[in-house]
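A short worksheet on the structure shown next.
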There are 2 protein chains.
Amino acid sequence: MTKQLKISEAVVRRLPIYLRYLNELSLSEVQTVSSQDLGEKLDLNPAQIRKDLAYFGDFGRKGVGYNVSYLIEKIRQILKLDRPLHVALVGTGNLGRALCNYNTYLKDNMKIIAVFDADPSKVGLVINHLTVQPTSELKRTVAERDISVGIITVPAAEAQNVADQFIGAGIRGILNFAPTVLRAPGHVRIHQTDFTADLLSLAYYLNSEDEEMARGTDG
Amino acid sequence: MTKQLKISEAVVRRLPIYLRYLNELSLSEVQTVSSQDLGEKLDLNPAQIRKDLAYFGDFGRKGVGYNVSYLIEKIRQILKLDRPLHVALVGTGNLGRALCNYNTYLKDNMKIIAVFDADPSKVGLVINHLTVQPTSELKRTVAERDISVGIITVPAAEAQNVADQFIGAGIRGILNFAPTVLRAPGHVRIHQTDFTADLLSLAYYLNSEDEEMARGTDG
DNA sequence: TAGATTGTTAATCGATTAACAATC
DNA sequence: TAGATTGTTAATCGATTAACAATC
């Protein structure tokens, strides 16, 4: 029986992680997996995994565990990856090109099907079978090709402008790689990927051997 | 007076965000900023910002706000970005190349100074003034050039192997872009950048116009 | 002095984990 | 039946937010 409470973001963000490992298991022809197994592999608490999944239904069998292919099917339904999802990307710098080539990765019905750049010298280039279009065509293409997600890989200064174009074109979600906070109306979901922040915050945790010794002595 | 409680990860992850905007303000020659201003710009609660900063010291002035350049200096000290920090990257695919070119971005004393690839056909290529070295040279280079952070941009199947080499070479922190959970001893800090998960989890939140109307009618 | 804004405490909210009855 | 493992409740832990005295 599927419950419909409000699901926390933390839970939703773990679902793709589960899905990824389940797909691996499926390839290895593993039939069944326990929350214990999943927890060890993904470095998560088994109780948390059971709780996460139980928000959406009773997918497991007591004493047995979870059927791998059934759970894959269910998580794909929850994430709405059981239907095709069209993505557009703006900004064909190194990062944008990298993401276009990641398309193979996203076999989960999610596919970049259009690529844009404001720079005329980039227009017409072919990246992984996609021809770069001028950003001026964004609105029309999004409507015509039923694109619901936009990826932004332009410089920070242009990101809000591109976001506004996406929003005006009726996009539903944006994945932003530019290091800037985007404004969007409530019905447009924004996910931020901020690896500069990931990298800089890493510095905080770097202890030299010396410091570790010092701590050992002190405390 | 600097307090030394245990600082939560959530707090540390916001510091680079503050730093980024403060640097912008500094460029615009803004002298002073309030938690109110910061909160509006960064879409965060002002009380949270004040609390975050207060963990590390009394950086503000009541009735006035925070001095921009003083706060920049302090946050850089906290994040240990007041000293040079050498980074190595393994995997010169599209993403790896993209990150090498982001070097300009990371003016904060953090710099990619060595690049490796296991593929002999990549060795010797020059990416943003860096010559690609064979991965076999990783350990020696890390030691010789005082490299403390490793970035992994290889396929998932090879990521743990590369991580182990970094760890064996005495690295202190790893930023992993491969979609796999890495194992590491406690003294090595792992940050995971998982934009595939960011993208897939986005799908969960995409409501079509129709669904929104339905919800409007139902509830 | 009056207005603004910090630093901090207390209240709230949310997420994780432990424990265990149910049951395969 | 005995062993394993789920789903779920209760307990814990942690993070965010509101409120306000202190003070510039």
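Worth knowing before you read on, the calculation uses all heavy atoms, side chains too, and leaves out hydrogens, waters and symmetry mates. Each chain gets a letter, A, B and so on, in the order its sequence line appears, and its residues count up from 1. Computed from a prediction, not measured in an experiment: that's the story for all the values here.
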**OP:** In whole angstrom, give the distance that lies between atom OH of A/Tyr55 and atom C1' of D/dT9.
**Re:** 12 Å
**OP:** Could you state the atom-to-atom distance from CG of A/Leu38 to C1' of D/dT6 in whole Å?
**Re:** 13 Å
Original post:
Within less than 4.0 Å of OP1 or OP2 of C/dT6, is there a side-chain N or O belonging to B/Ser35?
Top reply: yes
**OP:** Would you please confirm or rule out a distance under 4.0 Å between OP1 or OP2 of C/dG7 and any side-chain N or O of B/Tyr66?
**Re:** yes
Original post:
Are OP1 or OP2 of C/dA22 and a side-chain N or O of A/Arg61 less than 4.0 angstrom apart?
Top reply: no
**OP:** Using whole Å, report how far CZ of B/Arg50 lies from P of D/dA18.
**Re:** 11 Å
Original post:
What is the distance from NZ of B/Lys6 to C1' of D/dG14, rounded to the nearest Å?
Top reply: 10 Å
Original post:
Any idea which of D/dT16, D/dG7, C/dT16 is nearest the A/Ala54 side chain?
Top reply: D/dG7
Original post:
Taking a pair as Watson-Crick or G-U wobble with both distances under 3.5 Å, which nucleotide is matched to D/dG7?
Top reply: C/dC20
Original post:
Under 3.5 Å, is there a donor-acceptor pair linking the side chains of A/Asp52 and A/Gln48?
Top reply: no
**OP:** Assess whether atom CD of A/Glu73 is packed by more than 12 heavy atoms of other residues, nucleotides or ligands within 6.0 Å.
**Re:** yes
Original post:
Looking only at side chains, do A/Ser34 and A/Asp37 share a donor and an acceptor under 3.5 Å apart?
Top reply: yes
**OP:** State, to 0.1 Å, how close B/Tyr204 and A/Ile78 come at their nearest heavy-atom pair, and which atoms those are.
**Re:** CD1-O, 3.4 Å
Subject >> Residue whose nearest DNA chain D nucleotide is more 5′ - A/Lys62 or B/Asn45 >> reply: A/Lys62
Original post:
Below 4.0 angstrom from OP1 or OP2 of D/dT16, is there any side-chain N or O of B/Arg14?
Top reply: yes
**OP:** Let me know the distance between CD of A/Gln36 and C1' of D/dG7, rounded to the nearest Å.
**Re:** 16 Å
Original post:
Taking CD from B/Gln48 and P from C/dT12, how many angstroms apart are they, rounded to a whole number?
Top reply: 18 Å
Original post:
Side-chain N or O of B/Ser8 less than 4.0 angstrom from OP1 or OP2 on D/dG14?
Top reply: no
Original post:
Given that both distances must come in under 3.5 Å, which nucleotide forms a Watson-Crick or G-U wobble pair with D/dG14?
Top reply: C/dC13
Original post:
Going from CZ on B/Arg20 to CD1 on B/Ile75, what distance comes out if it is rounded to the nearest 0.5 angstrom?
Top reply: 12.0 Å
**OP:** Write down the distance between CG (A/Asp58) and C1' (D/dT8), rounded to a whole number of angstrom.
**Re:** 10 Å
Original post:
What is the distance from CD1 of A/Ile7 to C1' of C/dG14, rounded to the nearest Å?
Top reply: 13 Å
**OP:** Specify the residue among A/Leu44 and A/Val64 whose closest nucleotide of DNA chain C lies further upstream toward the 5′ end.
**Re:** A/Leu44
